[in-house]
Amino acid sequence: MTFEHDAFDPEALVPGFHEPVLPEGEPDAATIAASETRTRHWSSTQAGRIKYGSDAHKQMMCRMFEETFNPYRPSVLKWPTLDDAALHRITSLPIWDIAVQTEGKARLRMAAYARIVPDAQMRNALAQNAWEENRHKEVLSKMVQHYGIALVPEPPYEYPKDPEWAYLVTGYSECIDSFFAFGLFKVAHDSGLFPPELIDTFEPVMQEECRHILLFANWVAWHRRNLNLFQRIAFEWKVFRVWWFLGMERMELAKSLDADGNEHAQDNNFTVTGAQSMTEKELSVAELMATCVSENDRRFSGYDPRLLRPTTMPFLVKCALPVLRFFERRK
């Protein structure tokens, strides 16, 4: 089953899901500020420790996701006028095709998995996650249209044969990419090379990605604790294969063809290798990695500490930082 790039209906794909109702018109400054605060800060009213995998754990993660929802509308986002230099920096970044297509795949994969989840509350949270991924795609589509960024034609999106595999690939991929994107976004913010209005426009999307991987990390813990021994073994083997797949994927270049059949290469690792495009300052790998760690910690700091955070990339980078700094001092 295939879906064209503009064909996505989560209510039809996921039984019982209803799309969030967004406010009409352009919000005022006070409404935007309140939404930003609500999105970034959340604590459960439930006291005491939480047993991961329990119903209380599920309630906490689903309530977090529901109550931190930011009701912005892509159609009313303001895209600032860019000078020639800033416009060139934006349009020359080799990421827009893969960014739009990644969101297109993510929304369908998440909806496909939500469709088979038996628990109604969890199913609704994952379906909303899929809906928000589609909103990210709308934001990117409107931005590239506004600034005249040429994209290759989007391919049809394939409904996954194994929804759980597809969801795990998407979830762990977002955990990797978001960690580096948080740091890269901070570099762009501090560089002054991009208008603050453009940074502010993308800020809700960045924090929404933080919510997404927070939900995913807790879903993984909740899901594996509710499997029997044989199911758990099969699940852990699938998780291992997902990490292997993602490692191989990031060692390659994503290829795409334009309308004339010309091949374009896009770097899956742009969030690491393209940092220098975001600033005029000489930026070392260690500095970028330290920024990723601090920004990752900052974005998660407002959520209930009992909720699990993604740990793999922060742990690996924290272990690597002393080595990176040692060799940079030697150099």
Side-chain angles (χ1 to χ4, degrees), residues 20 22-23 27-52 54 56-73 77 110 121-122 124-126 128-129 131-133 135-136 139 171-172 174-190 196-222 271 288-315 317-318:
L22 300 180
D28 57 30
T31 301
I32 294 175
S35 295
E36 284 289 301
T37 300
R38 183 175 63 251
T39 299
R40 295 172 181 277
H41 302 278
W42 185 88
S43 293
S44 174
T45 56
Q46 183 173 343
R49 298 179 62 181
I50 295 295
K51 180 181 178 182
Y52 298 114
S54 65
H57 181 213
K58 181 197 71 174
Q59 296 286 340
M60 181 180 287
M61 75 174 98
C62 291
R63 282 189 53 235
M64 177 281 298
F65 201 72
E66 178 184 353
E67 295 174 9
T68 58
F69 174 71
N70 189 338
Y72 67 87
R73 295 178 66 92
L77 292 178
M110 290 183 172
Q121 188 176 19
M122 184 61 72
N124 189 73
L126 298 181
Q128 181 177 320
N129 198 159
W131 181 90
E132 290 181 9
E133 296 290 358
R135 184 167 61 167
H136 290 183
V139 170
Y172 282 118
E174 287 196 338
C175 289
I176 297 170
D177 295 338
S178 295
F179 174 80
F180 292 115
F182 294 157
L184 191 58
F185 194 74
K186 176 64 172 174
V187 170
H189 176 275
D190 292 348
E197 298 86 356
L198 183 62
I199 300 294
D200 291 343
T201 299
F202 267 102
E203 178 56 38
V205 176
M206 296 301 298
Q207 193 62 32
E208 208 159 62
E209 287 293 354
C210 181
R211 290 171 56 253
H212 290 180
I213 60 177
L214 182 62
L215 176 68
F216 177 75
N218 284 273
W219 170 84
V220 170
W222 174 81
T271 49
L288 175 60
M289 294 300 101
T291 301
C292 291
V293 170
S294 62
E295 279 298 290
N296 184 77
D297 292 343
R298 182 183 71 84
R299 288 192 177 274
F300 282 110
S301 63
Y303 302 112
D304 194 305
R306 292 170 293 179
L307 288 171
L308 297 169
R309 274 67 168 159
T311 57
T312 302
M313 292 313 302
F315 172 76
V317 171
K318 287 176 182 178

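Along the sequence shown, residues carry numbers from 1. Both backbone and side-chain heavy atoms feed into the values below; hydrogens, waters and symmetry mates do not.
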Fill in: Spatial distance of atom CD (Glu36) from atom NE2 (His41) [nearest 0.5 Å]
9.5 Å
Practice prompt. Determine the minimum heavy-atom distance between Met60 and Trp42, stating which atoms define it.
Written response: O-CH2, 3.5 Å
Fill in: Side chain Asn218, main chain Met61, donor-acceptor under 3.5 Å
no
Worksheet item: Rounded to the nearest 0.5 Å, what separation is found between the SG atom of Cys175 and the CG atom of Leu214?
Response: 9.5 Å
Item to complete: Quick one: closest heavy-atom pair of Ala125 and Leu215, and the distance?
Response: O-CD2, 4.2 Å
Worksheet item: Do Met289 and Met313 come within less than 4.5 Å of each other through their side chains, counting heavy atoms only?
Response: no
Worksheet entry | Minimum heavy-atom distance between Ala181 and Met206, given as atom pair plus value | O-CE, 3.6 Å
Worksheet item: Under a 4.5 Å cut-off applied to non-hydrogen side-chain atoms, are Thr312 and Phe179 in contact?
Response: no
Practice prompt. Check whether any side-chain heavy atom of Phe180 lies under 4.5 Å from a side-chain heavy atom of Leu288, and answer yes or no.
Written response: no
Discussion item. Could you tell me if the side chain of Ser35 sits less than 4.5 Å from the side chain of Pro71, heavy atoms only?
Written reply: yes
Fill in: side-chain hydrogen bond (donor to acceptor under 3.5 Å, both in side chains) against Glu132, all qualifying residues, sequence neighbours excluded
Gln128, Arg211, His212
Worksheet item: Between atom CH2 of Trp222 and atom NZ of Lys58, what is the distance when rounded to the nearest 0.5 Å?
Response: 6.5 Å
Worksheet item: How about His136 and Glu209: do any of their side-chain heavy atoms sit closer than 4.5 Å?
Response: yes
Worksheet entry | Non-neighbouring partners of Asn296 that pass side-chain hydrogen bond (donor to acceptor under 3.5 Å, both in side chains), sequence neighbours left out | none
Practice prompt. Only pairs at least two apart or in different chains count here, so list each salt bridge (charged side-chain N to carboxylate O under 4.0 Å, His left out) that has a residue in residues 64-73.
Written response: Arg63-Glu67
Worksheet item: Do Ser44 and Met64 come within less than 4.5 Å of each other through their side chains, counting heavy atoms only?
Response: no
Worksheet item: Roughly how far, to the nearest 0.5 Å, is the OG atom of Ser301 from the CZ atom of Arg40?
Response: 9.0 Å
Practice prompt. Please round to the nearest 0.5 Å and tell me the distance separating atom OH of Tyr52 and atom CG of Leu307.
Written response: 7.5 Å
Worksheet item: So do Tyr303 and Pro305 actually touch side chain to side chain, heavy atoms under 4.5 Å?
Response: no
Worksheet item: Have Glu203 and His189 got a donor and an acceptor in their side chains that come within less than 3.5 Å?
Response: no
Practice prompt. Considering non-hydrogen atoms only, spot the tightest contact between Glu208 and Asn70 and give its length.
Written response: OE2-O, 4.3 Å
Worksheet, complete the sentence: In this structure, CD of Glu133 is separated from CE of Met110 (nearest 0.5 Å) by 4.5 Å
Worksheet item: Checking Arg309 against Phe300: charged group under 6.0 Å from the ring centre and within 45 degrees of the axis?
Response: no
Response to the item:
Looking only at heavy atoms, the pair that brings Val139 and Leu77 closest together is CG2-CD1, 3.8 Å
Fill in: Lys/Arg cation over aromatic Tyr72: Arg135, 6.0 Å, 45° cone
yes
Discussion item. Show the nearest heavy-atom pair for residues Gln207 and Thr39, with the distance to one decimal.
Written reply: CG-CG2, 3.8 Å
